[in-house]
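So you know, we letter chains A, B, ... as the sequences are listed, proteins then strands, and number each from 1.
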Amino acid sequence: MAGVPMRQAFGLALAEYGAANPDVVVLDADTSSSTLSRFFAERFPERFFNIGIAEPCMVDVAVGLALGGHIPFVNGFAALLALRALEQVRTCVCYARTNVKLAAAFAGLSDYKDGPTHHAITDIAIMRALPEMTVIVPADAEEAAAWVPLVAEYDGPVYLRLSRDVAIPVHDRSTGLRIGRGIVRRPGGDVTIVATGTMVGRSLRAAEALASEGIEARVLEIHTVKPLDVELIRQAAEETGALVTAEEHTVIGGLGGAVAEALAQTRPVPLERVGISDAFARTAPDVDSLMDACGLAVTDVVAAAKWALARK
Amino acid sequence: MAHYPESLITELEERARQLRITSLEMIHRRAAGHPGGALSAAEIIAALFFHKLRLDPARPDWPERDRFILSKGHASAPLYAALAARGFIPAEELVRWGDLSCPLQGHPDRLKTPGVEMTSGILGHGVAIGAGLALSARLRGLHYRVYTLLGDGECQGGIVWEGALVAAKYRLSNLTAIVDCNGVQLDGPVHEVLPLEPFADKWRMFNWAVLEINGHNMRQILEALDTAAEIHDRPTVIVARTTKGKGVSFMENNAAWHGVAPNDEQLARALQELKGGA
Ligand SMILES: Cc1ncc(C[n+]2csc(CCOP(=O)(O)OP(=O)(O)O)c2C)c(N)n1
């Protein structure tokens, strides 16, 4: 699926899974042409509900469907599911532990052209703080598609964070996915880069650049930011002695925060966090230049790895 | 009520036509933006920015200025075009829209763009924020009026109606909401996505004064804005019936043109239609 936008892979996978599982129902808030839940809507119109531009209402309707035994996939912009509909998510999804799946589209900076109102750079921090919530961030299109059945068949609330755009391909179907279990994407003993989402591909490129300078970086993909694979991270800290986190999210409270918390309690080692510094981003002509401008360039990961190494 | 000479009507219609042309050129240049809801709002924005709003571009923070909040923030292109024509921002910025270094954001940003009263883009905020601004005017004894422009799809959001209750409670007659009722939203026709009719009745039941007009008829827009200013016991909503994509035949009433930019050939055809009369 190289070259396919993540939203397209997800939309097609959801429609396909809808055929296999009649309990799945899909909701959207007038953005099905953007999130591409439209593919499901076209195939299963009787199991698709367009709620209009009313995201909090959409979450509560999904809660009702879940109480009735259905498996609702709630589609909307990440910025709206994680912010406007947050109270519904906290109380009626997490606290009441209803089986609602939040498919959070256009996450991170991937809606580059609509600007900071539409970016979602705090959603991992917000969702991760909610008891009962599982937070999954696929690295590329293939992986986004592969998560659909796993998320549907897991019993409980899930926040699935999706990019609008094309991510560097890293996943192939032969690699198993398990909620809560990180993946070693590249071995290495000098330093570890812990990455999530679209930054996994960029981190692998950074590891190649580091290798050409004789530095062997291990690359871990943490797709499940919550529950965190603490053991894999502790082991990397022990074996490589320095860590870098990389995420398309603010440096506050996301993957970097989660890893810092885990290291502080297990094996404190030097840690550098690559992410968006504590500021709103801007409107941009494409996602790659925006990510580069926001401190998420491959060279930023390389520099951070060297800093972490120097602090060993 | 003022009588409007035909010359003023013609001049404002020409302004609306220019807003359409500039908006499409801007959207085309950056290959992003929202043509449908920009074209439907052209006359309304022209009436406000080139006649009705009391503004002073030399003093964007003049305390007595009228306030306009673009609640449907995705219609940023005609807003920016109007702000440039009124001299709030340099016209050169319009052609850099979308560049990383350009202060104009995809959606209006009050910190980066003089003349933008409030940041918007996430739908639903205009009525409630407008109510707050209108209350502030009352507390300070200022006489500015507050206007906010919404989409009809936007009115599916509960926050719009929460704001409407507040404005009605405080009888905020200095607040005017204008709904660009073009009948089409992102995913399709409003009556299919989530029906709103009877729409004008809903506002009436919320204790607003309601004026229903043709939102492409300049005289009706001006007269409705005047009437709103003469109602002293409640807020007014102008339900402006419009056509999404107005003025470009292949964009009209077509949800596919909600948020997609025209390519070179489509822009040329659109401009030909818009410039045809000139
Ligand atoms: C709360 C919220 N939900 C979703 C969106 C994405 N969105 C942008 S415009 C739009 C459709 C707006 O339709 P309408 O209000 O009728 O505007 P118009 O037809 O005038 O363009 C949607 C769903 C948003 N900006 N804000």
Side-chain angles (χ1 to χ4, degrees), chain A residues 27-38 41-42 45 48-61 75-85 88 106 109 111-120 164 279-294, chain B residues 27 29-34 72-74 76 96-113 118-125 150-162 184-196 255-261:
Chain A
L27 300 89
D28 208 311
D30 189 35
T31 50
S32 72
S33 315
S34 302
T35 64
L36 298 184
S37 70
R38 177 163 61 80
E42 283 161 1
F48 175 79
F49 305 98
N50 200 331
I51 304 299
I53 306 171
E55 292 80 6
C57 174
M58 170 169 65
V59 170
D60 275 357
V61 173
N75 294 267
F77 293 172
L80 295 163
L81 294 182
L83 295 166
R84 180 161 286 191
Q88 284 75 2
F106 289 33
L109 300 172
D111 193 4
Y112 53 87
K113 64 187 162 70
D114 281 321
T117 47
H118 287 55
H119 300 158
R164 175 182 185 278
F280 290 103
R282 301 179 68 90
T283 303
D286 61 84
V287 71
D288 285 319
S289 65
L290 183 57
M291 286 175 70
D292 289 350
C294 289
Chain B
I27 292 168
R29 200 206 67 88
R30 78 171 191 124
H34 299 81
K72 46 169 273 186
H74 56 283
S76 45
R96 296 204 305 119
W97 185 35
D99 292 356
L100 250 179
S101 61
C102 180
L104 300 180
Q105 298 298 296
H107 291 78
D109 183 328
R110 77 183 192 95
L111 301 178
K112 296 196 174 74
T113 311
M118 184 55 202
T119 302
S120 61
I122 301 303
L123 296 166
H125 294 294
L150 296 83
D152 47 358
E154 177 176 9
C155 295
Q156 292 160 347
I159 177 73
V160 172
W161 302 100
E162 294 168 31
V184 178
Q185 49 191 114
L186 190 160
D187 269 348
V190 172
H191 67 84
E192 280 178 20
V193 174
L194 192 72
L196 284 167
W257 285 103
H258 169 77
V260 171

Backbone N or O of A:Asp114 within a donor-acceptor pair of the B:His107 side chain at under 3.5 Å? yes
Keeping the roles fixed (side chain from A:Asn75, backbone from A:Leu27), state whether a donor-acceptor pair exists under 3.5 Å. yes
Residue part contacting chain A, namely of B:Leu196, when any heavy atom lies under 4.5 Å: neither
Would you check if the side chain of B:Gln105 reaches a backbone N or O of B:Lys112 as a donor-acceptor pair within less than 3.5 Å? no
Of the backbone (N, CA, C, O) and the side chain (C-beta and beyond), which part of B:Ser101 lies under 4.5 Å from a heavy atom of chain A, both, or neither? backbone
Go through B:Gly121, B:Ala32, B:Gly98 and name the one with the most non-hydrogen pairs under 4.5 angstrom from chain A. B:Gly98
Under 4.5 Å from any heavy atom of chain B, what part of A:Leu83 do you find: side chain, backbone, both or neither? neither
Does a donor on one side chain sit under 3.5 Å from an acceptor on the other, for A:Thr35 and A:Asp28? yes
Using modelled atom types only, decide if a donor and an acceptor are shared between the side chain of A:Asn50 and the backbone of B:Val193 within a distance under 3.5 Å. no
Among A:Arg282, A:Arg38, A:Lys113, A:Glu55, the residue with the most heavy-atom pairs under 4.5 Å to chain B is A:Arg282
Applying a strict 4.5 Å limit to non-hydrogen atoms, the region of B:Cys155 in contact with chain A is neither
Go through B:Val190, B:Asp99, B:Leu186 and name the one with the most non-hydrogen pairs under 4.5 angstrom from chain A. B:Leu186
Side chain from CB out, backbone as N, CA, C, O: work out which of these in B:Gln185 comes under 4.5 Å of a heavy atom of chain A, or both, or neither. both
Please find out if less than 6.0 Å separates the ring center of B:His34 from that of B:His258. yes
